[in-house]
Amino acid sequence: MGRGKIVIRRIDNSTSRQVTFSKRRNGLLKKAKELSILCDAEIGVMVFSSTGKLYDFASTSMQSVIEQYKKSKEEHRQPTNPHSEVKFWQTEAAILRQQLQNLQEVHRQMMGEGLSGLATKDLQNLEKQLVMSFHGVRMKKEQLLLDEIEELNRKGNLIYQANVELHKEVNLIHQQKLDLHEKCRRSMEQGMPMEQTEMPIVQLILAFTRTHMYQSIFSSASHSNKTMSHLLQLRIRVDLQLH
């Protein structure tokens, strides 16, 4: 069976109280150490026994933890009166002005200005920053170019597929033209002239198909001058075949 629930209250027996203090103190310090290692946290723990003896643990140093604690309390302290509030905002404004000046100075140095006061080590660090910035810009430029090339290839594939379909339509029209000529030839040989109403309808169908094909060609070729030249040559060949 598990242990019963422990009532949290002062232990009257001094021996039991001392044993419990020792066990729980060690457990507390152990947990603090594990937390600092696992989470990379800066931790400071201080425990005073009933006799005034100090037990502590600090992930770095207790003095550093205490100084950081005081600094954090000062930064988050709210002004308690109008004079303190004005002083607080004046300090904040001075900090922001200093940060702005630092940024402007760095920007001038990045542009190659105001370098007279820099030492050799500072110039080397500035050079490294410029090289890294240049590398980042070049990588971004190359990525944009690759994206544009990919998009052009995609459009080129679409135009190529359109050209294939147009070639199929041209071949079909050419075959229909040959079939029509063959029909006319057979009719003339058999002394059966083609009805007058049939020729205008055939011419109208050919003219409509030719106009639709030209519109498709120019719509597909609007993205590339090279493809436009190729399709214009195709148009000339189509005209020659249809006439």
Side-chain angles (χ1 to χ4, degrees), residues 28-48 54-160 219-230:
L28 176 63
L29 298 179
K30 181 181 178 181
K31 291 295 183 181
K33 183 179 180 180
E34 292 175 351
L35 180 61
S36 67
I37 295 174
L38 293 174
C39 303
D40 194 23
E42 189 168 359
I43 299 176
V45 178
M46 290 188 296
V47 180
F48 291 91
L54 172 64
Y55 301 91
D56 62 350
F57 167 79
S59 55
T60 54
S61 69
M62 187 60 68
Q63 185 65 30
S64 174
V65 173
I66 293 175
E67 290 178 356
Q68 186 171 348
Y69 171 79
K70 291 181 179 180
K71 182 179 179 181
S72 178
K73 293 293 289 184
E74 291 176 356
E75 290 176 351
H76 294 83
R77 184 178 56 190
Q78 296 295 332
T80 57
N81 55 68
H83 178 73
S84 299
E85 185 175 359
V86 171
K87 186 177 180 180
F88 171 79
W89 289 115
Q90 287 177 345
T91 303
E92 290 292 318
I95 294 174
L96 292 176
R97 281 195 298 268
Q98 185 61 42
Q99 291 177 350
L100 178 61
Q101 292 177 0
N102 294 337
L103 291 174
Q104 290 175 344
E105 183 66 22
V106 171
H107 179 264
R108 286 194 297 269
Q109 292 174 358
M110 297 288 285
M111 298 299 295
E113 302 174 359
L115 303 178
S116 58
L118 296 180
T120 303
K121 185 176 181 180
D122 296 332
L123 292 174
Q124 291 176 346
N125 292 333
L126 180 60
E127 183 180 12
K128 291 180 180 179
Q129 293 178 2
L130 290 173
V131 170
M132 293 177 61
S133 299
F134 175 75
H135 181 67
V137 171
R138 184 169 58 184
M139 289 183 61
K140 182 62 176 179
K141 178 183 176 182
E142 291 176 354
Q143 184 61 43
L144 291 176
L145 291 176
L146 290 175
D147 293 341
E148 292 179 1
I149 291 173
E150 183 178 357
E151 180 65 17
L152 291 176
N153 288 335
R154 186 186 66 82
K155 292 180 179 179
N157 291 332
L158 293 176
I159 294 174
Y160 174 77
S219 176
S220 301
S222 61
H223 301 288
S224 172
N225 292 332
K226 183 176 180 181
T227 307
M228 175 70 77
S229 176
H230 173 72

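The figures here come from the full heavy-atom set of this structure, side chains too, leaving out hydrogens, waters and symmetry mates.
- Dense packing is recorded around CG of N153, with more than 12 heavy atoms of other residues, nucleotides or ligands lying under 6.0 Å away.
- Expressed to the nearest 0.5 Å, how far CD of E34 lies from SG of C39 amounts to 10.5 Å.
- S59 approaches A41 most closely through the heavy-atom pair OG-O, 3.6 Å.
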(request) Applying side chain to side chain contact (heavy atoms under 4.5 Å, CB included), run through M111 and H107 and close with a yes or a no. (result) CA-CA 6 Å; M111 298 299 295; H107 179 264; 3.9 Å; yes
(request) For side chain to side chain contact (heavy atoms under 4.5 Å, CB included), just list the numbers for E151 and D147, CA-CA rounded to whole Å, side-chain angles, deciding distance to a tenth of an Å, and then say yes or no. (result) CA-CA 6 Å; E151 180 65 17; D147 293 341; over 6 Å; no
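- Minimum heavy-atom separation, L29 to D56: CD2-C, 4.3 Å.
- The shortest heavy-atom contact between I43 and V65 is O-CG2, 4.0 Å.
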(request) Decide side chain to side chain contact (heavy atoms under 4.5 Å, CB included) for R138 and H135; before the verdict, give the C-alpha distance in whole Å, the side-chain angles of both, and the deciding distance to 0.1 Å. (result) CA-CA 5 Å; R138 184 169 58 184; H135 181 67; 3.7 Å; yes
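- Nearest heavy-atom pair, V45 versus M62, reported as atom, atom and distance to 0.1 Å: O-CE, 3.6 Å.
- Heavy atoms from other residues, nucleotides or ligands lying under 6.0 Å from CD of E92 number more than 12.
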List the atom pairs, donor and acceptor, that lie under 3.5 Å between side-chain atoms in residues 93-103 and the rest of the protein, sequence neighbours left out.
residue, atom, partner, partner atom, Å
Q98, NE2, N102, OD1, 3.2
N102, ND2, Q98, O, 3.2

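- In this structure a side-chain-to-backbone donor-acceptor pair under 3.5 Å is missing from S72 to Q68.
- Annotation: salt bridge (Lys or Arg N to Asp or Glu O under 4.0 Å) contacts involving residues 106-120, sequence neighbours excluded, comprise E105-R108.
- What you find for S36 and F57 is that their closest heavy atoms are OG-CZ, 4.0 Å.
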